[in-house]
Peer 1: 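Before anything else, here's the structure in question.
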Amino acid sequence: DTKDKKIALSNNYAGNSWRQSMLKSWDKVTKQAVADGVVAAADPFTTSENQVTEQAAQIQNLILQGYNAIVINAASPDALNGVVKQACDAGITVVSFDGIVTEPCAWRIAVDFKKMGAVQLDYLADKMKDGGNLLEIRGLAGVFVDDAIHKGIEEGVAKHPQFKVVGSVHGDWAQEVAQKAVAGILPSLPEVKAVVTQGGDGYGAAQAFKAAGRPTPLIIMGNRQDELAWWKEQKDANGYETMSVSIAPGVSTLAFWVAQMVLDGKQVPKDLVVPFLRINQADLEKSLETTEKGGVANVEYSKEDAEKVVAGK
Amino acid sequence: MDVSKPAVELTAIAKSFGAVRALSGVDLILEPGECLGLVGHNGAGKSTLMHVLAGTLKADSGSLKIAGEDVSQAFSAAGASAHGIRCVFQELSLCPNLTIAENVRIVHRALKGFGWKAKAHGLIRQKLDEIFPGHGIDVDQEAGDLNIGQRQMAEIARAFTITDEPLRVVILDEPTSSLDAVTAKQLLTFMRQEVARGVSTILISHLLADVLDHCDRIAVMKDGKVVAERRAGQFTRNSLVAAMGTTVEKKNTPAAGSRKAAISAARAVEATPQTAPKAGNLVVHKGEIVGLAGLAGHGQTRMLIQIFDGARKSSALTRVEGKVAFIAGDRQSDGIFNLWSIGENTTVSSLEDLKRGPLIAAEREAEMARDWKERIQIRTPDMNNNILTLSGGNQQKALFARTLGSKADIVLMDDPMRGVDVGTKLEVYDMIRQEAGRGRSFIWYTTEIDELSHCDRAYIFRDGAIVAELGPDELTEDKVLHASFAESA
Amino acid sequence: MSEAWAKLRQQPWIWSFIAMIAVWLATIAFTRGQGSGEILTAALSFATFTIIIGLGQMMVITTGPGNVDLSIPATITLAGVVAMKIMDTDNARLLIGIAAALGVSFLVGLFNYGLIRLLRIPPIIATLSSSFLILSTAISYGRGIRIKPPPMLADFATATLLGVPLLAFLVLALSIIIALILKRTSYGRTVLAIGQNPRAARFAGLNVDLARFATYMLSALLAGLCGIVLSGFSGGAALNMGEGFLLASIAVVVIGGTSVAGGRANVPGVWGAALFTYLLDTMLNIFGANAGIRLIMTGLIIIAVITIAGGDRQQR
Amino acid sequence: MDALVLNRKTLRALLPLFSLAIVLFATFYAQPRTMSYFGLNLMLQYAVPIALATVAQMFVITVNDLDLSIGPFVGLIGCIGATYLHDTPLLGIAALVACIALYAAMAALIYLRNLPSIVVTLGASFVWLGIAVLILPSPGGKASDWLKAIMSLQVPVVPFPIVAALAIAALVHVGLMTSAYGVIMRGTGGNPRAMARAGWSELKTKMAMYALAGVFGVLSGLSLIGLTTSADAHIADRYTLYAIAGVILGGGEFVGGRVSPFGAVLGALTLALAGSFLIFMRISPDWQIGAQGAILIIVLALRAIISTGEARR
Ligand SMILES: Nc1ncnc2c1ncn2[C@@H]1O[C@H](COP(=O)(O)OP(=O)(O)OP(=O)(O)O)[C@@H](O)[C@H]1O
Ligand SMILES: Nc1ncnc2c1ncn2[C@@H]1O[C@H](COP(=O)(O)OP(=O)(O)OP(=O)(O)O)[C@@H](O)[C@H]1O
Ligand SMILES: [Mg+2]
Ligand SMILES: [Mg+2]
């Protein structure tokens with residue numbers, strides 16, 4: 001029974017549509033849970049900048065506030081370990097998701113980012129038997145997620161040696177930055193067959209190719225509505241084919257349920273893996289319909305869904 | 001110290017700044033225990049020569065001997081100080097963010113370790129008391145919080161403090177420019193005492209009476225050369241002025257009646273000091289020249305600022321009819337724009353009048369600059385040169401040009417003749433009178449009592465209040481000093 | 001020739017152009033000439049955004065030490081979000097959208113100046129604080145949703161004329177106007193005077209308060225303008241669209257030869273520096289070094305350029 | 001009149017203390033649990049590295065320069081601390097010393113070529129970040145145990161962060177504000193020409209001040225990883241702005257050599273606390289970021305109220 005337990009969400013960034021979606025999903029699902037009397041409170045907290053020290057201070061304050069569980073999307077996998085340990089020592093359940101923490105006392109709802117990179121190459125190998133040149137758009141240098149997806153892509157290239165990464169830029173997960181970097185490197189590149197991404201930069205890349213007057217290559221999308229809409233436009237016009245892959249922002253709600261279950265005394269394994277959300281050519285229309293205009297394709301978890309994930313089904 | 005050798009011997013010193021030849025072969029000797037007066041027009045090269053002697057500028061050529069020792073090679077500020085040379089520069093050099101005591105530490109490497117602060121305190125307080133009895137300076141105050149007169153006193157006192165390094169030569173470059181008559185007198189008296197104790201001093205001043213009365217020997221500089229050098233007694237005021245190359249002084253105090261006609265009955269300014277609203281107020285008529293006098297730091301500048309602000313936003317205490325302009329005396333902090341050319345500095349207050357359409361017309365701007373270069377004799381090859389290439393007095397002239405060239409009806413002057421040479425002063429006095437004749441009003445704070453003779457009336461300030469009003473016949477040194485010290489009513 | 005060069009090297013902006021050309025040459029040497037023209041076109045189209053805000057930041061920095069507008073990125077975002085949401089992909093609502101976006105930028109400028117003047121908060125912190133509030137406004141108004149620009153705006157922002165982006169021409173015109181304002185109007189002179197000595201500016205009879213007010217307004221409005229055209233260019237407004245512009249706005253101003261201590265502004269330098277920083281990024285991307293090396297090279301090249309240029313400057 | 005001036009001066013000197021007190025009491029009021037040894041300890045822990053970085057920034061501001069690279073520098077030190085210093089201490093120490101030397105070299109370059117410090121330090125910030133990314137391409141590393149031990153020191157009665165902050169402030173105060181050499185350092189900020197005329201080398205002073213900034217940057221980085229236990233290249237990016245804000249909040253001025261070590265440290269604590277206060281306020285996530293700005297404005301507005309009518313040059 002968790003009806004007088006309080007859960008907090010510790011978030012470190014709110015400046016993009018994915019995070020906004022994540023907060024919205026959290027809001028929707030937890031408001032209902034509070035109304036239903038499942039938990040007493042489920043408050044979201046956001047720091048102004050994507051910074052370890054601010055988030056650490058925030059978590060310490062959450063400890064002081066007396067929350068029973070803290071759900072964390074961490075700014076860094078290791079650097080919050082100190083404060084996570086403090087929370088655990090204070091008897092607080094810590095559940096991390098998306099940006100997970102490595103401190104053993106916490107629960108981890110991990111996304112296999114490496115695989116997210118690798119599947120892009122598998123898809124391409126299937127589509128383009130002859131292989132070809134690739135352009136890679138990376139995220140922010142020095143951040144764990146960027147490194148993991150990049151490693152996945154590297155592995156993929158090693159597995160499918162018919163592909164070659166001829167250019168790589170850092171888009172810092174911001175469309176404007178990505179577009180700028182791609183536009184700059186593009187004139188120097190030979191023909192590019194496909195663009196592999198970390199999610200969300202597809203539209204910007206397409207714009208840059210268009211502006212440079214180059215044929216549009218196969219661009220892996222990142223589940224944003226504007227990307228899907230563009231894809232649909234191209235598909236209708238010339239049968240354009242690609243795939244789209246990213247994490248559903250609603251994974252925050254899974255973390256919420258996991259925290260609730262742990263508080264409820266249920267046995268939950270420390271490490272859970274959620275599948276990323278992949279949209280194939282065939283699912284495009286359906287996904288586009290269910291995605292809010294300007295938002296991100298999403299999946300929210302109900303308690304039953306969460307129990308299924310925990311049970312490993 | 002070898003008494004037989006000159007304290008300082010400068011031979012064939014030359015120094016150029018780009019195209020400007022500031023010094024062209026100066027020979028100068030300073031004997032131990034003598035006071036040398038150094039005079040010359042603005043830009044003659046006096047300050048530059050002193051910078052060479054103080055090790056802060058390197059001469060292009062020439063030799064420098066101190067007590068017989070040739071130090072021309074590798075001479076530096078630290079070296080000068082080790083040889084016992086101290087300098088009070090024309091542009092003051094205190095650190096505004098440090099207290100007076102801390103400013104003492106800067107020139108004394110020996111002040112360190114435990115208790116340095118107490119030592120510095122003692123040194124400067126004692127010296128201030130000795131030179132300027134009743135100075136009223138708190139040595140724990142930051143230098144930036146003092147007014148310019150107090151800063152000048154502190155810096156002078158600092159130059160005379162002694163720790164481990166000897167004190168042989170003290171250079172005073174325009175030391176009295178911001179001091180009132182009383183403090184200036186105190187300084188000159190003290191300087192004589194030091195000279196009697198064997199310290200050599202160099203006194204640079206545009207107040208020729210001070211030089212004539214207090215120096216043993218006088219050297220006259222002109223265009224980067226020493227053009228005359230004699231014992232002080234062999235100069236008279238007129239021969240000194242002649243040696244400087246200025247046309248001999250005209251009799252310049254106008255007949256009282258001739259000015260009266262020009263003054264209208266209309267009031268241009270009416271103001272009561274904010275600091276002492278009960279004591280008395282100030283009235284200025286159109287076309288009138290009104291002096292503000294009294295000891296330095298008693299609220300005259302504040303009065304000027306009050307009137308300046310009152311022109312934009314009138315208040316109960318201040319009523320101003322017409323546009324005002326301000327001539328700063330503290331030119332470094334209130335006057336010049338040091339990234340700009342002389343021309344830009346001159347035209348900045350007249351921009352609205354130099355427009356053609358919505359834009360400032362470059363050629364009209366250049367014309368105004370040229371015009372004023374002629375009218376007020378700014379010594380520069382080119383008005384497009386940076387303002388800092390001018391000597392102190394010439395910078396001040398540019399500020400005059402700025403204000404007189406503007407359309408202001410009322411001109412506020414904050415002791416504006418600091419560092420201006422005799423010849424120029426006379427020209428400016430004339431100009432002021434002419435402008436007043438055209439209906440401009442002047443409110444003129446001055447620390448030189450002589451200058452009051454150019455005013456139609458004067459108000460005497462004390463402790464922020466107006467304590468007396470003196471008419472044209474009462475503007476004598478006696479009466480002004482008497483009013484300055486009298487207890488306020 | 002040598003005399004012309006001697007004169008040219010006195011110009012503080014010349015070095016950013018030399019650096020830009022050097023970087024460009026190094027790049028096309030690496031690609032063996034491939035894409036040399038396209039790289040320049042791309043540079044021009046992206047540099048324009050930096051130039052727009054750089055001009056505003058330049059005016060602010062010129063008003064003297066401590067003056068800097070850190071709210072530019074947030075203002076870009078807010079203006080972009082407001083414009084896109086109000087236009088709602090509809091050409092007919094283009095003008096209302098622009099008016100609204102510039103309107104909120106105006107309010108931002110007013111708010112910034114209010115903090116600086118009335119509450120006497122040092123500008124650097126005032127604008128930092130306001131940037132947080134502006135960003136929150138953008139979040140709560142836009143909800144992180146990315147709306148596409150109306151086709152007319154998108155076409156306008158991406159149009160080219162003779163291979164040069166149309167925007168670049170307009171920004172060139174804007175730059176010339178700002179240069180004229182600086183040199184030939186009393187407002188411009190006042191800005192330069194305040195930057196050197198605010199007390200003296202007051203005593204010279206210049207309207208110091210009005211000029212500072214106008215400067216912070218100008219900076220906010222230019223940031224708003226940048227937000228609108230950038231949204232049009234990149235297919236919508238996003239909450240993080242301003243992020244890259246914080247350091248960039250300061251960098252292009254100071255690399256371009258504007259004095260950080262105030263009182264000296266330089267419009268051509270902003271162009272040179274904006275193109276240089278873009279091309280530098282491109283060059284390092286094309287060289288394909290890893291992220292660490294790229295960052296180090298970026299830093300060292302910036303320092304090298306300023307070091308070569310620096311010796312000729314009179315003041316810091 | 002004199003008494004009035006003095007009063008106002010004292011008031012201004014006490015201003016940082018007032019600001020801190022107000023934010024502290026507001027926090028106590030919002031969450032009484034913070035009013036304890038444990039609470040204060042937790043809340044202020046992360047203020048220690050910020051305070052050290054603020055002091056570093058203050059040294060640079062003292063000589064009229066501005067350091068835009070202190071944040072990335074602290075991040076770099078963190079990366080060195082969590083790798084070389086932990087694995088091969090000698091190499092680690094050598095690297096740290098080299099970092100300090102680089103800071104001094106930066107000063108020499110700025111002085112000798114008469115460069116704007118903002119541009120040089122901006123360039124340097126990329127260099128520090130680049131080296132950090134090379135050392136730690138993705139977050140990780142391990143802080144040495146002695147670092148962790150120091151940072152989790154338990155001091156009787158007064159929480160360690162407070163003791164540490166006061167000790168730092170006192171040390172710097174003695175060095176900069178009361179020692180004979182401190183006068184030279186501050187004088188160089190106040191009137192460099194006067195210092196040169198008195199025969200002091202501005203080059204040496206600047207190098208010394210930058211070297212000190214480097215030393216405190218090193219201390220900041222090490223104390224930071226002592227708390228987080230591992231490092232991340234981006235761990236302290238925000239410190240640059242925090243440090244500037246802290247110095248100003250503490251009554252320092254950008255030019256003219258007017259700084260206050262106690263003020264700077266208190267300013268840093270105030271900033272850190274302001275963040276905590278917000279978390280206790282339960283603001284809607286949309287406005288949590290904005291509220292940080294609002295707090296800064298309110299705290300600084302106090303300055304305006306106290307110093308109204310003061311016409312300083
Ligand atoms: N830093 C400089 N750069 C260029 N020219 C300079 C510089 N300093 C002085 N000068 C020039 O050198 C000449 C001598 O100046 P100096 O300051 O020595 O005159 P001065 O005799 O002290 O005049 P004043 O009585 O006005 O103080 C002047 O023509 C001045 O313009
Ligand atoms: N409202 C103001 N704004 C700016 N500065 C001011 C203001 N009031 C006074 N000051 C400055 O403070 C200093 C002290 O002013 P105060 O009125 O006490 O001296 P003063 O008699 O005018 O000075 P002095 O006789 O030395 O010229 C002056 O240097 C003046 O410039
Ligand atoms: Mg002189
Ligand atoms: Mg005065």
Side-chain angles (χ1 to χ4, degrees), chain B residues 301 304-305 307-309 311-313 323-341 344-365 385-389 395 398-399 402-403 405-408 410-414 416, chain C residues 6-7 10-12 58 61-67 117 176-214 257-267 269 312-316:
Chain B
T301 301
L304 293 177
I305 291 174
I307 296 170
F308 184 79
D309 290 340
R312 197 164 278 175
K313 216 175 107 197
K323 283 176 143 178
V324 298
F326 187 95
I327 305 183
D330 189 351
R331 60 178 163 269
Q332 274 178 311
S333 65
D334 299 349
I336 60 169
F337 300 105
N338 54 16
L339 295 179
W340 273 352
S341 70
E344 282 167 314
N345 265 286
T346 307
T347 55
V348 64
S349 292
S350 313
L351 296 175
E352 291 300 331
D353 309 323
L354 297 174
K355 278 189 177 162
R356 184 164 291 150
L359 297 181
I360 299 165
E363 69 285 355
R364 293 183 64 183
E365 213 186 345
N385 285 347
N386 182 273
I387 183 87
L388 293 180
T389 61
Q395 291 176 18
L399 296 187
R402 178 194 292 176
T403 309
S406 80
K407 286 248 162 70
I410 302 155
V411 178
L412 309 171
M413 304 197 284
D414 182 20
Chain C
K7 216 168 164 181
Q10 294 302 317
Q11 304 297 324
M58 176 192 77
I61 288 180
T62 303
T63 59
N67 283 293
R117 177 65 225 239
I176 293 173
I177 292 172
I178 298 233
L180 272 180
I181 286 179
L182 261 174
K183 259 200 143 57
R184 306 272 300 276
T185 67
S186 355
Y187 160 66
R189 291 286 178 92
T190 308
V191 167
L192 294 169
I194 301 172
Q196 299 172 58
N197 188 341
R199 272 173 71 87
R202 181 165 83 108
F203 287 132
L206 302 174
N207 198 335
V208 173
D209 289 333
L210 187 66
R212 292 188 62 182
F213 169 75
T258 291
S259 163
V260 190
R264 195 202 316 250
N266 200 308
V267 174
D312 292 309
R313 298 181 191 198
Q314 298 166 12
Q315 304 260 330
R316 64 193 65 189

Peer 1: Is a side-chain donor-acceptor pair under 3.5 Å present for B:K355 with C:S186?
Peer 2: yes

Peer 1: Could you tell me which portion of B:F337 (side chain, backbone, both or neither) has an atom closer than 4.5 angstrom to a non-hydrogen atom of chain C?
Peer 2: both

Peer 1: Tell me if the CZ atom of C:R117 is crowded by more than 12 foreign heavy atoms within 6.0 Å.
Peer 2: no

Peer 1: What part of B:A408 is in contact with chain C, defined as an atom under 4.5 angstrom from a non-hydrogen atom: side chain, backbone, both or neither?
Peer 2: neither

Peer 1: Without swapping roles, check the side chain of C:R264 against the backbone of C:L192 for a donor-acceptor pair under 3.5 Å.
Peer 2: no

Peer 1: Answer yes if the side chains of C:N266 and C:T258 hold a donor-acceptor pair under 3.5 Å, and no otherwise.
Peer 2: no

Peer 1: Checking the side chain of C:R212 only, and the main-chain atoms of C:T63 only, is there a donor and an acceptor separated by less than 3.5 Å?
Peer 2: no

Peer 1: For each of B:I327, B:L359, B:V348, B:T403, tally heavy-atom pairs with chain C at distances under 4.5 Å, and name the one with the top tally.
Peer 2: B:L359

Peer 1: Quick one: of C:I181, C:N197, C:L180, C:T190, who has the most non-hydrogen atom pairs under 4.5 Å with chain B?
Peer 2: C:N197

Peer 1: Who among B:E344, B:R331, B:E365 has the most heavy-atom pairs with chain C under 4.5 Å?
Peer 2: B:E365

Peer 1: Chain C heavy atoms under 4.5 Å from B:I336: which part of the residue, side chain, backbone, both or neither?
Peer 2: backbone

